[in-house]
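Read through the structure below, which is laid out as structure tokens, and then see the notes.
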Amino acid sequence: MTLDLDAYFARIGWNGPAPQPSAAALRSLNLAHVRGIPFENLDPVLGTVPSLALDDIQRKLVHGGRGGYCYEQNTLFAAVLEALGFGVTRLAARVRRGVRPGETRPRAHMLLLVDDPGLPGPYLADVGFGSDGGLLEAVPLVAGSEFGGERRHRLLRERGQGREPLEYWVLQSRQEDVWCDQYAFTLEPYETADYEMFNWHIATGPRSPFRKTLYVQRTLPGRHLFLTGRRFTDTRADGTVLQRDLADGEEVLRVLAEEFAITLPEGVVLPQ
């Protein structure tokens, strides 16, 4: 399959020729992708498992006007970066956002380590974390430094707990003047087969929240839109938070189209 870079650039609103590998290009592409392609888990909610084949992802996210979750988003972004000449290592993280005390989640979030001779060092890139604590721009893999403007992040180093001797990197987001863990990861490479297993579990597991509850987010300049089930939240850069509960599935479909630019085929009925 041929990756349609022109269509991808149009989808994310990238103007100009394909960039050469550089830190500025990587940061800009990460930001444009996050703002251009929404996060959503509509396929699992509707009872299907999203395909991780690149041609299917491109058909859905680039040409189909849809979004996707981390495996789809970061698989596409990794392919784009590699086509541009970046080196990409695919990683997996344990999500920590929202965990209960003593809870340990499996390594199931896909993210990317990006390197190139034109970069001062490796960068962490991630266009598929379904949270307002996710990265807007790729950040250097450097512990302790603070990054970002509209969203502020930092990376920490952490030794594994108990019998786990591995050293973790922890991504934190600054939220209401408190540093909050988003996820923890090692630099161990993961393969397509690993994500296929993760994807199947997330989309079909009886306890998976992604199978039961609709999660959609869209990041715009100065705004973050989030739909959880039927609760629609619009968070503004000045801290204003607007929330409302949608009446029924028809209103959900209307909000998906009007606020998230996601239009489903005629006849699709969302679970009640």
Side-chain angles (χ1 to χ4, degrees), residues 3 8 12 26-27 29-34 36-44 48-58 60-62 66-84 86-99 104-115 122-139 141 153 155 166 168-173 181-205 208-211 215-217 219:
L3 186 64
Y8 171 79
I12 67 172
L26 176 60
R27 292 195 302 267
L29 285 168
N30 200 121
L31 177 61
H33 185 121
V34 169
I37 304 180
F39 177 98
E40 49 110 324
N41 66 323
L42 280 156
D43 285 354
T48 62
V49 179
S51 171
L52 299 188
L54 186 56
D55 55 346
D56 292 333
I57 294 174
Q58 183 171 234
K60 177 183 174 183
L61 274 65
V62 175
R66 288 279 303 278
Y69 54 21
C70 69
Y71 311 122
E72 301 165 278
Q73 300 269 12
N74 280 318
T75 293
L76 174 62
F77 195 50
V80 169
L81 294 178
E82 288 173 333
L84 295 174
F86 290 95
V88 180
T89 302
R90 293 149 177 84
L91 307 178
R94 300 186 190 278
V95 174
R96 289 187 174 179
R97 183 183 175 98
V99 299
T104 300
R105 291 178 178 170
R107 280 192 265 181
H109 171 63
M110 182 180 183
L111 63 159
L112 308 173
L113 186 68
V114 184
D115 207 348
Y123 271 66
L124 177 68
D126 188 355
V127 296
F129 193 54
S131 162
D132 60 359
L135 293 177
L136 289 179
E137 299 184 0
V139 298
L141 192 72
H153 293 92
L155 288 164
L166 299 175
Y168 278 87
W169 289 84
V170 180
L171 177 72
Q172 294 187 324
S173 172
D181 288 2
Q182 300 302 302
Y183 50 71
F185 60 96
T186 68
L187 303 185
E188 176 187 358
Y190 280 69
E191 303 294 337
T192 300
D194 299 314
Y195 301 118
E196 291 281 2
M197 181 182 68
F198 299 156
N199 183 48
W200 179 263
H201 171 74
I202 291 295
T204 67
S208 171
F210 280 78
R211 187 179 69 87
Y215 297 104
V216 188
Q217 77 165 3
T219 302

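Everything numeric in this text was worked out from a predicted model, so none of it was measured. If you read the sequence from its start, that first residue is 1, and numbering goes on from there.
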Taking side chain to side chain contact (heavy atoms under 4.5 Å, CB included) as the test, write out the residues that go with Asp43, two or more places apart. Thr48, Pro50, Lys60, Arg66
If only atom types and distance count, is the side chain of [X] paired as donor or acceptor with the main-chain N or O of [Y] below 3.5 Å?
X      : Y      : value
Gln182 : Leu171 : no
Arg211 : Gly205 : yes
Gln217 : Ser131 : yes
Asp181 : Gln172 : no
Asn30  : Val127 : no

Side chains of [X] and [Y] in contact at under 4.5 Å (non-hydrogen atoms):
X      : Y      : result
His153 : Leu135 : yes
Leu111 : Tyr183 : yes
Phe129 : Gln73  : no
Leu81  : Val114 : yes
Thr75  : Tyr195 : no
Leu187 : Leu141 : yes

Which atoms form the tightest heavy-atom contact between [X] and [Y], and what is the distance?
X      : Y      : value
Ser208 : Ile202 : OG-O, 2.6 Å
Ser51  : Asp56  : OG-OD2, 2.7 Å
Ala184 : Val170 : CB-CG2, 4.1 Å
Ile37  : Gly67  : CG2-CA, 4.0 Å
Leu3   : Ala83  : CD2-CB, 4.0 Å
Ala108 : Cys70  : O-SG, 4.3 Å

Asp132/Arg97 salt bridge by N-O under 4.0 Å criterion: yes
Under the side chain to side chain contact (heavy atoms under 4.5 Å, CB included) rule, what do Asp126 and His109 come out as? Steps first, then yes or no, please. CA-CA 10 Å; Asp126 188 355; His109 171 63; 2.7 Å; yes
Drop me the distance from [X]'s [atom1] to [Y]'s [atom2], to the nearest 0.5 angstrom.
X      : Y      : atom1 : atom2 : result
Leu113 : Thr186 : CG    : OG1   : 10.5 Å
Arg96  : Thr104 : CZ    : OG1   : 8.5 Å
Ile12  : Phe77  : CD1   : CZ    : 7.5 Å
Leu52  : Leu76  : CG    : CG    : 11.5 Å
Glu137 : Leu124 : CD    : CG    : 13.0 Å
Phe185 : Tyr190 : CZ    : OH    : 12.0 Å

Determine whether the aromatic ring centres of residues Tyr215 and Phe210 are separated by less than 6.0 angstrom. yes
Would you please name every residue forming a ring-ring contact (aromatic ring centres under 6.0 Å, His included) with Tyr71, sequence neighbours left out? Tyr69
Name all pairs fulfilling the salt bridge (charged side-chain N to carboxylate O under 4.0 Å, His left out) condition that reach into residues 188-204, sequence neighbours left out, sorted by first residue then second. Arg107-Glu188
